[in-house]
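Heavy atoms only: backbone and side chains are in, while hydrogens, waters and symmetry mates are out. To find a chain, count down the sequence lines: A is the first, B the second, and so on, and within it residues start at 1. Keep in mind the model is a prediction, meaning the values are calculated, not measured.
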Protein chains: 2
Amino acid sequence: MANCDLCVVRNRAICSSLDAQELEVLNAIGRTRTMQPGESLIWEGEDSVLVANVIDGVLKLSTNTEDGREQIVGVVYPSDFIGRPFGGTTGHGATALTEATVCVFSRRDFDAFAREHPALEHKLLERTLAELDRTRRWMLLLGRKSASEKLASFLLEMEERLRPSGCVWNFEDGASRRITLPFSRQQIADVLGLTIETVSRQFTRLKNDGVVDLPSRRDVILLDHAALVAEAG
Amino acid sequence: MANCDLCVVRNRAICSSLDAQELEVLNAIGRTRTMQPGESLIWEGEDSVLVANVIDGVLKLSTNTEDGREQIVGVVYPSDFIGRPFGGTTGHGATALTEATVCVFSRRDFDAFAREHPALEHKLLERTLAELDRTRRWMLLLGRKSASEKLASFLLEMEERLRPSGCVWNFEDGASRRITLPFSRQQIADVLGLTIETVSRQFTRLKNDGVVDLPSRRDVILLDHAALVAEAG
DNA sequence: CGTGACTTTGAGCCATTTCAACACGCGTGG
DNA sequence: CCACGCGTGTTGAAATGGCTCAAAGTCACG
């Protein structure tokens with residue numbers, strides 16, 4: 001049986017709205033689960049049966065066209081909430097990008113619990129509003145930005161998102177910062193609405209321009225933060 | 001002083017969670033306001049000072065890049081909620097596309113009221129979750145669909161959204177349906193992440209293919225619904 | 001070292017954009 | 001009632017950014 005007191009996201013996830021007693025009840029209806037990269041927790045189009053809190057790792061939310069094109073519509077980090085409470089079908093799948101640990105609830109149980117705990121619903125509302133804002137900002141990128149602006153924006157977002165999280169290494173090195181991307185090139189393409197080749201070409205251009213260094217496939221060293229900001233548009 | 005009992009969206013907006021007494025309190029802190037096409041209620045980047053319910057008309061939510069490119073990130077219809085409760089700055093402007101009537105609240109007043117009325121927050125949460133789903137579905141269109149798929153998807157969405165609303169004419173005519181778009185060509189381009197010329201060319205192609213008829217700039221008659229669905233991808 | 005997945009690079013092509021001219025509808029004023 | 005101008009939409013031709021297809025390179029892992 002998991003113990004919320006030891007949970008690393010206890011104070012950041014929506015659970016932070018609950019006292020010890022309430023937490024015990026919530027704990028009783030949830031269970032933790034680990035996931036391997038590529039493993040899915042939720043599939044696009046199915047009835048919404050599960051919701052979860054992310055404890056560790058990174059997951060993608062994605063939709064596909066019938067002919068197989070994919071768009072990643074969200075990226076989920078520790079303390080984030082996944083799933084579609086309050087009925088309906090899930091519009092997008094949730095798949096682990098890294099090894100991940102999640103705290104899973106049956107949607108029905110969670111819904112019932114949430115409706116009795118307004119403070120929890122309030123936290124969830126704040127989170128959902130923030131996620132909607134972030135998603136809408138991403139639409140500007142998808143609809144109106146060029147490939148180079150897209151990649152620069154992506155790297156800046158990654159820098160920001162990966163910094164506070166314990167799941168990916170990240171240290172100061174003078175003015176430069178190393179980030180370890182939880183994405184393959186194809187997945188970056190699926191976030192940005194580009195092809196893998198275009199992403200690759202933009203990476204090598206940034207490297208040739210001295211804006212980043214690419215010590216390995218997944219690692220990026222941000223050498224010139226200002227140049228990235230300028231290029232992000 | 002407005003009277004919520006007479007409000008046409010009384011039973012569809014988040015207000016439907018409130019009883020007569022509560023409604024009176026809410027009514028006391030809000031006021032109705034009419035807007036002309038092009039008039040803005042909220043500006044991108046400013047502190048969040050207002051929230052509102054849409055009573056009548058259609059508004060757009062939009063963001064811009066520094067160099068003036070625009071992306072419409074949401075379209076708001078009667079009974080929808082606008083604005084960013086619970087702090088922060090607004091990430092996108094809200095501008096009337098048609099004549100509109102809105103029920104406006106100071107964000108501080110609304111926040112305080114909402115925190116004391118969990119049923120209202122619950123309604124708002126359900127609405128926000130639904131809007132997030134819709135927005136994420138739109139990302140697939142922006143990131144992965146071709147111009148023709150985009151316009152077909154747009155017309156189908158318009159058909160669905162404009163049907164129940166009283167704000168735009170819309171009647172059965174055998175199998176075909178007429179819709180009056182609340183958008184100029186430029187605004188359609190800003191929704192779809194295209195240029196105005198491309199939108200125009202796709203419209204004339206659909207017309208030449210007999211899929212739609214275009215009796216005027218703002219009117220579209222959907223002649224072949226199945227063809228649109230097939231083309232939407 | 002060999003194998004297979006992933007990534008990079010190259011060359012040509014195509015959808016969409018860009019730039020420019022023209023058409024349409026509508027209100028105003030002659 | 002028609003000429004005019006202006007905002008909006010359409011059409012055409014040329015340019016181009018990103019895509020497609022193809023091949024070579026890299027890396028992790030056995």
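A:Lys145 places its NZ atom 19 Å from the C1' atom of C:dT17, with the value rounded to the nearest Å. Atom CG in A:Leu192 sits about 13 Å away from atom C1' in D:dG18, given to the nearest Å. Rounded to whole Å, the distance from CG on B:Leu181 to P on D:dT8 is 16 Å. With rounding to whole Å, A:Lys150 atom NZ is found 11 Å from D:dG17 atom C1'. For the pair A:Arg69 CZ and D:dT20 P, the interatomic distance rounds to 9 Å; values are reported in whole Å. The distance between atom CG of B:Asp219 and atom P of C:dG25, rounded to the nearest whole Å, is 13 Å. What separates CZ of B:Arg205 from P of D:dG12 is a distance of 15 Å, to the nearest Å. Here D:dG9 presents its C1' atom at 17 Å from CZ of B:Phe183, a figure rounded to the nearest Å.
Going from atom OG1 of A:Thr198 over to atom CZ of A:Arg205 covers 11.5 Å, rounded to the nearest 0.5 Å. Distance check: B:Thr63 OG1 to A:Leu140 CG gives 4.0 Å after rounding to the nearest 0.5 Å. Rounded to the nearest 0.5 angstrom, B:Arg107 CZ and B:Leu50 CG are separated by 10.5 Å.
A salt bridge does not link B:Glu157 with B:Arg137: every distance from a Lys NZ or Arg NE/NH1/NH2 to an Asp or Glu carboxylate oxygen is 4.0 Å or more. Salt bridge status for A:Arg144 with B:Asp190: present, with a side-chain N to carboxylate O gap under 4.0 Å.
Checking D:dG7, D:dT11, D:dT26 against the side-chain heavy atoms of B:Glu197 singles out D:dT11 as nearest. The side chain of A:Arg185 sits closest to C:dT8 out of D:dG9, D:dC21, C:dT8. Set against D:dG18, C:dT16, C:dT17, the side chain of B:Arg201 has C:dT17 as its closest nucleotide. Which of D:dG18, D:dT10, C:dC6 sits closest to the side chain of A:Thr198 comes down to D:dG18.
Note on A:Ser146: every side-chain N or O is 4.0 Å or more away from OP1 and OP2 of D:dG17. Phosphate contact (OP1/OP2 of C:dT9, side-chain N/O of A:Ser200, threshold under 4.0 Å): absent. Between B:Thr195 and the phosphate of C:dT17, there is a side-chain N or O to OP1/OP2 separation shorter than 4.0 Å.
Residue contacts shown for A:Ser216 are absent, as no nucleic acid heavy atom lies under 4.0 Å away.
Looking at A:Arg217, its side chain has no donor and acceptor atom pair within 3.5 Å of the base of C:dT7.
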